[in-house]
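Written below as structure tokens is the structure these notes are about.
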Amino acid sequence: MQLSELELVRREKLTQLLNLGINPYPAELFPLDTTSKDIKQDYKEGKKVIIAGRLMSRRIQGSASFAELQDADGRIQVYFNRDEICPGEDKTHYNDVYKKLLDIGDFIGIKGELFTTKVGEKTVMVKEFKLLSKALKPLPQPRVDADGKVHDAFTDPEQRYRQRYADLVVNAHVKEVFVKRSKMFTAMRHFFNERGWFEVETPILQPIPGGAAARPFITHHNAMNVELYMRIACELYLKRLIVGGFEGVYEFAKTFRNEGMDRTHNPEFTMMEIYVAYKDYQWMMEMVEQLLEYIALQVNGSTLATFGEHEIDFKAPYKRVTMTQAIIDYTGFDITGKTEEELREAAKDMGITVDNTMGKGKLIDEIFGEKCEPNYVQPTYITDYPKEMSPLTKKHRDNPELTERFELMVCGKEIANAYSELNDPIDQRERFEAQLELAKKGDDEAGEFIDEDFLRALEYGMPPTSGLGIGMDRLIMFLTNNPSIQEVLFFPQMKPEQKQIAMTDEEKAVFAILKSNSPIELNSLKEQSGLSNKKWDKTIKGLTKNKLAKVEKTDDGLFVEEV
RNA sequence: GACCUGGUAGCUCAGUUGGUAGAGCACCUCCCUUUUAAGGAGGUGGUCCUGGGUUCGAGCCCCAGCCAGGUCACCA
């Protein structure tokens with residue numbers, strides 16, 4: 001690989017360090033006893049401290065220098081003084097090791113004492129320092145001016161996502177998003193555990209991809225010689241555990257869907273699913289609003305969250321609107337008792353594209369998605385979905401056309417989906433069969449499999465149960481004001497980077513001619529190469545750049561020479 | 001999948017009908033003992049995303065492609 005000048009300089013410094021007997025990658029632990037944060041919080045003049053971190057900036061003035069050390073908690077100023085570090089005659093450790101051989105990005109450990117500078121900055125006076133790890137690549141170096149304005153910010157999304165490690169080092173606000181993400185998981189876990197529900201794990205590799213309508217990733221198990229699917233949901237497994245006697249189970253589930261990617265969809269994402277026995281979806285709505293209020297407080301310290309132009313309040317309770325009412329509110333059309341044909345006509349009249357594969361459920365979903373969904377900015381429960389689009393949901397207690405289901409909308413997006421779970425095994429089989437029919441009709445969202453084992457489990461009896469799924473990535477997007485899912489995933493999926501070719505075929509060919517005949521008159525070499533003008537130009541420039549050939553002008557003309 | 005925008009130094013970005021590739025920061029050399037984005041002086045650094053084409057000559061124009069971001073479509 002071609003190294004930049006900056007990289008070559010750092011490798012040269014590495015060699016010089018080794019020549020001085022300094023191991024740039026020492027094995028032994030470094031006995032740090034505090035952090036940048038603790039120093040600032042429990043500051044005591046003259047206190048002895050041992051800290052470690054990355055060198056992030058330096059201001060050298062002769063035999064004195066201020067630098068910034070960054071650790072997991074933030075940055076602290078450190079002061080290097082030649083005579084403090086090198087009390088004797090030998091000033092090498094300051095003049096050479098510190099000033100010349102250290103670079104921004106290097107990890108160092110420091111033993112020193114606290115003091116405050118004339119301008120009032122809490123600082124560590126370095127008594128001893130030790131190189132802990134040399135950085136061979138230069139980091140991007142954003143910096144903030146007196147007005148708080150950032151210069152040279154590391155902003156290119158492609159580079160930031162591909163090199164998230166560099167992004168995290170230099171962009172504190174990016175790191176903060178992931179700290180909040182972690183707090184969100186901790187808060188949710190705490191909320192559930194406190195209520196006696198169990199965190200469990202269910203298979204990611206599944207013989208039948210069930211529990212949702214989505215295209216799965218397919219993989220192959222060699223020893224069993226069977227196709228397996230990466231899960232699209234964990235619902236059917238968690239319900240088996242309710243059958244088995246657990247009364248509250250939940251899972252933070254990495255889930256995989258082989259569909260399009262955009263700023264709200266990554267091929268792998270995290271769902272939280274929870275099932276609680278003897279409850280219904282009404283109960284679940286109360287639980288969810290308490291949960292989200294709690295999480296918002298734990299993550300942001302407030303129930304209010306800003307998302308783009310909106311201010312969202314996660315404070316319970318949330319408004320509840322039936323799907324039928326929502327459609328009346330925004331279209332004036334009442335879906336109650338309408339036939340498939342009537343719905344299709346109504347949708348057409350609203351300017352929605354429809355086709356014949358769409359059943360009643362899908363048509364209603366289209367109308368709702370098109371006309372209603374974007375209007376719900378504050379957390380709102382949309383309840384009582386039509387039966388056709390909810391094959392795992394109990395029939396509504398008051399209306400057999402509907403189901404006991406809700407989705408929670410925030411800023412026009414779904415972040416949670418919950419039901420009173422269908423536990424009638426005969427009804428469940430009929431619903432699966434209806435899905436199969438829809439799939440045959442061409443609805444590629446409908447399930448193509450009947451999970452016989454799941455039906456067998458239901459036949460043993462499942463208590464009335466309410467279940468909930470929350471898109472964790474979506475939720476943290478709202479809590480951190482990020483409109484892109486990639487900003488809340490450490491490593492969003494990207495197309496692979498392409499490898500660079502060391503020498504092109506043309507360069508190899510020209511180099512071969514040159515090797516057997518050097519020096520050679522430029523035009524003669526060009527003719528022999530048989531390359532077009534442009535191609536020739538590229539090729540010879542490539543060779544000279546890589547110091548494989550040299551072009552020289554003499555009185556006799558232009559000559560190319562092998563180096 | 002369609003369209004729009006972008007890809008130039010380690011980072012952020014300029015780059016005039018098409019005429020020797022630039023700036024700031026970083027880096028290197030020298031001077032400077034408590035500084036606050038930026039002390040002074042000098043210097044190094046480039047696959048202008050890739051491949052074709054037009055042209056005497058392409059970072060710039062044309063064609064194809066790659067990657068990314070955005071909008072829409074699809075999808076929850």
Side-chain angles (χ1 to χ4, degrees), chain A residues 2-10 12-13 57-68 77-84 94 99-100 103-105 115-121 123 125 135-163 166 170 212-215 232-233 255 257-265 269 271 353 365-366 369 373 389 407 409 413-417 444-445 469 471 474 483-484 486 492 494-498 500-504 506-507 532-535 537-539 541-542 545-546:
Chain A
Q2 192 77 24
L3 294 175
S4 72
E5 192 208 6
L6 297 187
E7 290 169 308
L8 290 169
V9 165
R10 290 197 178 203
E12 172 57 27
K13 290 179 178 181
S57 73
R58 286 202 293 180
R59 297 176 288 278
I60 297 177
Q61 295 170 35
S63 53
S65 168
F66 287 91
E68 279 181 300
Q77 177 165 274
V78 293
Y79 173 65
F80 288 82
N81 181 296
R82 185 181 59 204
D83 300 323
E84 293 287 342
Y94 180 83
K99 273 173 72 175
K100 294 191 177 156
D103 283 296
I104 288 173
F115 78 106
T116 305
T117 62
K118 283 176 186 167
V119 286
E121 182 94 13
T123 304
M125 163 99 64
L136 294 181
K137 268 182 104 65
L139 287 165
Q141 283 176 260
R143 51 194 201 295
V144 182
D145 68 16
D147 304 326
K149 204 177 155 200
V150 179
H151 299 256
D152 296 347
F154 183 50
T155 52
D156 178 42
E158 177 170 5
Q159 288 196 75
R160 288 180 44 240
Y161 302 152
R162 288 194 194 280
Q163 303 188 42
V170 304
R215 214 162 355 134
I232 55 174
T255 308
R257 296 189 181 176
N258 201 345
E259 291 170 348
M261 289 165 65
D262 59 34
R263 73 183 200 293
T264 56
H265 295 83
F269 61 101
M271 293 257 296
T353 46
D365 192 32
E366 289 294 325
E373 205 172 52
M389 51 193 287
E407 288 192 358
M409 300 302 195
K413 296 274 179 209
E414 172 212 337
I415 62 168
N417 182 11
D444 53 12
E445 280 181 55
R474 293 239 175 119
S484 161
Q486 297 167 103
M494 306 280 277
K495 285 207 181 182
E497 289 178 276
Q498 287 183 333
Q500 293 168 349
I501 305 153
M503 211 194 291
T504 65
E506 288 85 2
E507 287 172 9
S532 69
N533 282 343
K534 179 147 191 151
K535 199 83 192 166
D537 190 58
K538 280 267 180 213
T539 305
K541 277 179 179 163
K545 193 184 304 291
N546 290 322

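Every chain is numbered from 1, with letters handed out A, B, ... down the list of sequences. For clarity, every value in this text was computed on a predicted model and none was experimentally measured.
Taking a pair to require two hydrogen-bonding distances under 3.5 Å in either a Watson-Crick or a G-U wobble arrangement, B:rA21 remains unpaired. Pair assignment for B:rA14 gives none, since no Watson-Crick or G-U wobble pairing has each distance under 3.5 Å. The partner of B:rC3, taking Watson-Crick or G-U wobble pairs whose two distances both stay under 3.5 Å, is B:rG70. Of all nucleotides present, none satisfies the Watson-Crick or G-U wobble test against B:rU35 with each distance under 3.5 Å. Checking B:rU54 for Watson-Crick or G-U wobble geometry (two distances, each under 3.5 Å) identifies no partner in any strand. Base pairing of B:rC27 is made with B:rG43, judged by Watson-Crick or G-U wobble geometry with both donor-acceptor distances under 3.5 Å. Pairing for B:rC60 is absent, judged as Watson-Crick or G-U wobble with the two contacts each under 3.5 Å.
The residue A:Asn417 sits apart from the nucleic acid: no heavy atom pair falls under 4.0 Å. At a threshold of 4.0 angstrom between heavy atoms, the contacts of A:Lys100 are confined to the sugar-phosphate backbone, with no base atom among them. Residue contacts for A:Arg82: at a heavy-atom cut-off of 4.0 Å it reaches no nucleic acid atom on any strand shown. Within 4.0 Å of A:Phe115, counting heavy atoms only, lies at least one base atom of the nucleic acid. At a threshold of 4.0 angstrom between heavy atoms, the contacts of A:Glu259 are confined to the sugar-phosphate backbone, with no base atom among them.
Between A:Arg58 atom CZ and B:rA38 atom C1' there is a gap of 17 Å when expressed in whole angstrom units. Residue A:Gln163 contributes atom CD, which lies 12 Å from atom P of B:rG10 at whole-angstrom precision.
Among the nucleotides B:rA37, B:rG69, B:rU35, the one closest to any side-chain atom of A:Thr123 is B:rU35. The side chain of A:Val119 approaches B:rU35 more closely than any other nucleotide in the set B:rA68, B:rU34, B:rU35. Candidate nucleotides B:rU33, B:rA26, B:rU36 were compared by shortest atom distance to the side chain of A:Ala64, and B:rU33 ranks first. Distance from the side chain of A:Phe154 is smallest for B:rC11 among the nucleotides B:rC74, B:rC32, B:rC11. In this structure, the nucleotide among B:rU34, B:rC75, B:rG10 sitting nearest to the side chain of A:Ser4 is B:rG10. Checked against B:rG10, B:rG70, B:rG69, the side chain of A:Arg263 finds its nearest nucleotide in B:rG70. For A:Glu5, the listed nucleotide lying nearest its side chain is B:rU44; candidates were B:rU35, B:rU44, B:rU71. For A:Lys495, taking side-chain heavy atoms from C-beta onward, the closest of the listed nucleotides B:rU29, B:rC75, B:rC67 is B:rC67. Of the candidate nucleotides B:rC74, B:rU29, B:rC32, B:rC74 has the atom nearest to the side chain of A:Asp262. Closest to the A:Leu6 side chain, of the nucleotides B:rU34, B:rG70, B:rG10, is B:rG10.
Across B:rG65 and B:rU12, the matching C1' atoms stand 28 Å from one another, rounded to whole Å. Atom name P, nucleotides B:rC72 and B:rA58: the rounded distance is 41 Å, in whole Å. B:rU33 and B:rG39 have their C1' atoms separated by 14 Å, given to the nearest Å. Nucleotides B:rC27 and B:rA73 are separated by 48 Å at their P atoms, to the nearest Å.
Remark: the A:Asp152 side chain and the B:rG24 base include a donor-acceptor N/O pair separated by less than 3.5 Å. For A:His151 against B:rC25, no side-chain N or O and base N or O form a donor-acceptor pair under 3.5 Å. Judged by atom type and distance alone, A:Thr155 does not reach the base of B:rU12 through any side-chain donor-acceptor pair under 3.5 Å.
Distances shorter than 4.0 Å separate some side-chain N or O of A:Gln486 from OP1 or OP2 on B:rG69. Distances shown here put a side-chain N or O of A:Lys13 below 4.0 Å from the OP1 or OP2 atom of B:rC28. Taking 4.0 angstrom as the limit, A:Gln159 places a side-chain polar atom (N or O) nearer than this to OP1 or OP2 of B:rC11. Phosphate proximity of B:rC67 to A:Arg162: absent, as no side-chain N or O sits under 4.0 Å from OP1 or OP2.
Looking at A:Arg215 and A:Arg257, their side chains never come closer than 4.5 Å, going by heavy atoms from C-beta outward. Under the 4.5 Å side-chain criterion, counting only non-hydrogen atoms from C-beta, A:Ser65 is not in contact with A:Lys99.
For the atom pair A:His265 NE2 and A:Arg263 CZ, the distance stands at 10.5 Å (nearest 0.5 Å).
Between A:Pro138 and A:Arg474, it is A:Pro138 whose nearest contact on RNA chain B lies nearer the 5' terminus.
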